[in-house]
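Chain A is the first sequence line, chain B the second, and so forth, proteins listed ahead of strands; every chain is numbered from 1.
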Amino acid sequence: MIQEIRKIIEGNVDHYVITRNNGTSNQSKIANNNIVINKNWNQDSYDVFIAMKSGNGYKVGNTDININNDVKSQIKNLINFTKNNPVNENYLGIYNENKKFKEIKSIYDPDVKNINLSSILRDVFDLSLQ
Amino acid sequence: MDDLLKFSINLCNELGVEWAEARFVESNGSGISYENNVLSNNFIGSDKSLYVRFKIGNSMSSVFINSDFSNQFINKKIKDQVRLVKSVNSINRNDIELAEGEVNKKNYTVKQKTKINFSDIDSYINRLKPIISNLKGDNVLNSNISLSTNLIKKSYMNTEGTSINSTIPYIDFFYFLTCKSNSKTAQRMNFYNGVGGWDIFDNWKLDKVISGEVDTITTNLKTAKKVKSGVYDYVIGSEVAGIMVHESVGHPYEADRILGRESAQAGESFIKKDMMGQRVGSDYVTIYDDPTIENVAGYYLYDEEGQKARNRVLVKDGLINEFYHDRQTAKQFGVKSNASARIDNNSNEPLIRMSNTFVKPGKASESSLIKDVKKGIYMKNFMEWNIDDKRYNFKAKGSEAYLIENGEIKHPLLFPDLEVDTLKLWTSVDGVGNKASYGLTSATCGKGQPMQGVPVSMGGPSLLLRGIKHR
């Protein structure tokens, strides 16, 4: 999808940033020694920033792309929306150099994946009630 | 979207859940913001999402999806969550139960007289131009303003047969100013949130409102005097009445706070479950929360559990009359839900929230309240406020405020305090203004983790408070 967005944008704008927000997350909310709700989130969306040269400055625009909507029309809307905006005097360009970050391994305990959450929670409740 | 909801509800039934609800939300919106009169940010966006919440055994659980709406994916995610919940069911000692709910079927749409076009950024810019032009004087050190709109379409179904469809357009305007005069500075912020089309925004006449505030603040900074310590009667305007009613009555009357469910996040309440009927204010004090008021921020006709909204009478003639309930807390209190479950975003669980909270107007004019004061403070609005975790010790810092002497308004006062505990505050009410002094202010009210900010309004008429100590 990120390449599809890129293809639609390239050639139409001067600068762009595409950020994907993807993943599954969970939360168990505990109150009064009870799990009051177990939540599960499944997210996949894209934040798109564009900048278009206009005179001595740039017009900029932001959108979030939902993959269940028509991507082409969302980008088209963003470009039209941005064109109609005034120049953004706060925008001075984006940093062009690629940045890479080392994967951090040492602080993550792989055993946490196999943790017995039920057992730990029960112990926590029992101890807190003593 | 109905197909997705039916699929989710049928699947939950097949998996043996005791109760389930499913909600599909489609939103479209755009917005623009300025910092010091220069465009700082803008966005246009749309979103679609599915939320399913269900009760199985003694646990409640939810699944949010905005990624893949295929039956296969939904099937997998709900089945996985049911499996997880079954595995943790043994931890819970207390069952989560729901009070009996109404079965409702309703479609409703809030009409826009002047329709909002999200792509038409000129319609936003042209509305902000007159406001910005008033903020260019030397007296305004710093300004932030933003205007956004959002059209929310919701479809809701539950296993009991309730089906609600709603379409509600929201307009949100916010400003934050720092004004300077006579080597002193003052800050002013406010929200204007409404439900409807551009006509709602245009009726606020914000260019005049905000330029008037800048003029008053800068003029008063030149002549305002500090308040001498002592005991004063206060006449407070609708904005001050609003923040007090929201913070010291609205929040502590949320039943999930009273029960401690939100204590680690939103906070606690000084109100206890068995305090129903106790006196918390003078006979003058009747406080409502009504979600059905059209065009204001907290408007809705059915809550997020499909229950029909109605006016809630929180305090009647000074006595506690009603708390805010969803179906879970209603069961624990042995009452019916009063449709207080709200969400800010489809990814979040419904929580008990306020809507439009206000003091019932009386018959006195504001001028007659002032005339009735020998030594006092007239606090029209406020600059900042705070309140403790249990919603008992409150403080507001006045913005536009004046000394009252022998029934007459005298010179401006420099940021007077209104520092009082909740019981003293509401039992000291000795006069309630009429409808001419009544107003609602809007805000975004925060609660929960992840944080949920829902649009609300708050207010009332002018109020006369007796014998408040100023340090």
Is [X] close to chain A through its backbone or its side chain, or both, or neither, when contacts mean heavy atoms under 4.5 Å?
{"X": "B:Phe118", "value": "backbone"}
{"X": "B:Leu50", "value": "neither"}
{"X": "B:Asp122", "value": "side chain"}
{"X": "B:Tyr34", "value": "side chain"}
{"X": "B:Gln265", "value": "side chain"}
{"X": "B:Ile65", "value": "both"}
{"X": "B:Ser30", "value": "side chain"}
{"X": "B:Ile125", "value": "side chain"}

Under 4.5 Å heavy-atom distance to chain B, tell me which part of [X] shows up: side chain, backbone, both or neither.
{"X": "A:Asn26", "value": "side chain"}
{"X": "A:Gln43", "value": "both"}
{"X": "A:Asn80", "value": "neither"}
{"X": "A:Thr82", "value": "neither"}

Practice task
For the pair A:Phe49 and A:Tyr91, evaluate ring pair (Phe, Tyr, Trp, His ring centres under 6.0 Å) and give the outcome as yes or no after the intermediate values.
Solution key: CA-CA 12 Å; A:Phe49 167 86; A:Tyr91 180 70; 5.5 Å; yes

Between [X] and [Y], is there a donor-acceptor pair closer than 3.5 Å when you use the side chain of the first and the backbone of the second?
{"X": "A:Gln27", "Y": "B:Gln449", "answer": "yes"}
{"X": "B:Asp344", "Y": "B:Gly453", "answer": "yes"}
{"X": "B:Asp172", "Y": "B:Ser148", "answer": "no"}

Given the options [options], which has more heavy-atom pairs under 4.5 Å with chain A than any of the others?
{"options": "B:Gln328, B:Glu35, B:Gln81, B:Glu262", "value": "B:Gln81"}
{"options": "B:Asp47, B:Val38, B:Asn94", "value": "B:Asn94"}
{"options": "B:Gly45, B:Ser40, B:Ser61, B:Ala264", "value": "B:Ser61"}

Short N-O contact, [X] and [Y], less than 4.0 angstrom:
{"X": "B:Arg53", "Y": "B:Glu21", "result": "yes"}
{"X": "B:Lys154", "Y": "B:Glu304", "result": "yes"}
{"X": "B:Lys55", "Y": "B:Asp95", "result": "yes"}

Problem - Residues B:Phe69, B:Phe24; criterion ring pair (Phe, Tyr, Trp, His ring centres under 6.0 Å); working and verdict - result: CA-CA 11 Å; B:Phe69 295 147; B:Phe24 193 88; 5.4 Å; yes

Practice task
Would you confirm whether the ring centroid of A:Trp41 sits within less than 6.0 angstrom of the ring centroid of B:Tyr51?
Solution key: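 Centroid separation for B:Tyr51 and A:Trp41: 6.0 Å or greater.
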
Problem - For A:Ile79, the option from A:Ile50, A:Ile9, A:Asn84 that meets side-chain contact (heavy atoms from CB on, under 4.5 Å) - result: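 Exactly one candidate clears the test, A:Ile50.
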
Practice task
Identify which of A:Ile67, A:Asn88, A:Ile65 forms the greatest number of heavy-atom pairs closer than 4.5 Å to chain B.
Solution key: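 When all of A:Ile67, A:Asn88, A:Ile65 are compared, A:Asn88 has the most.
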
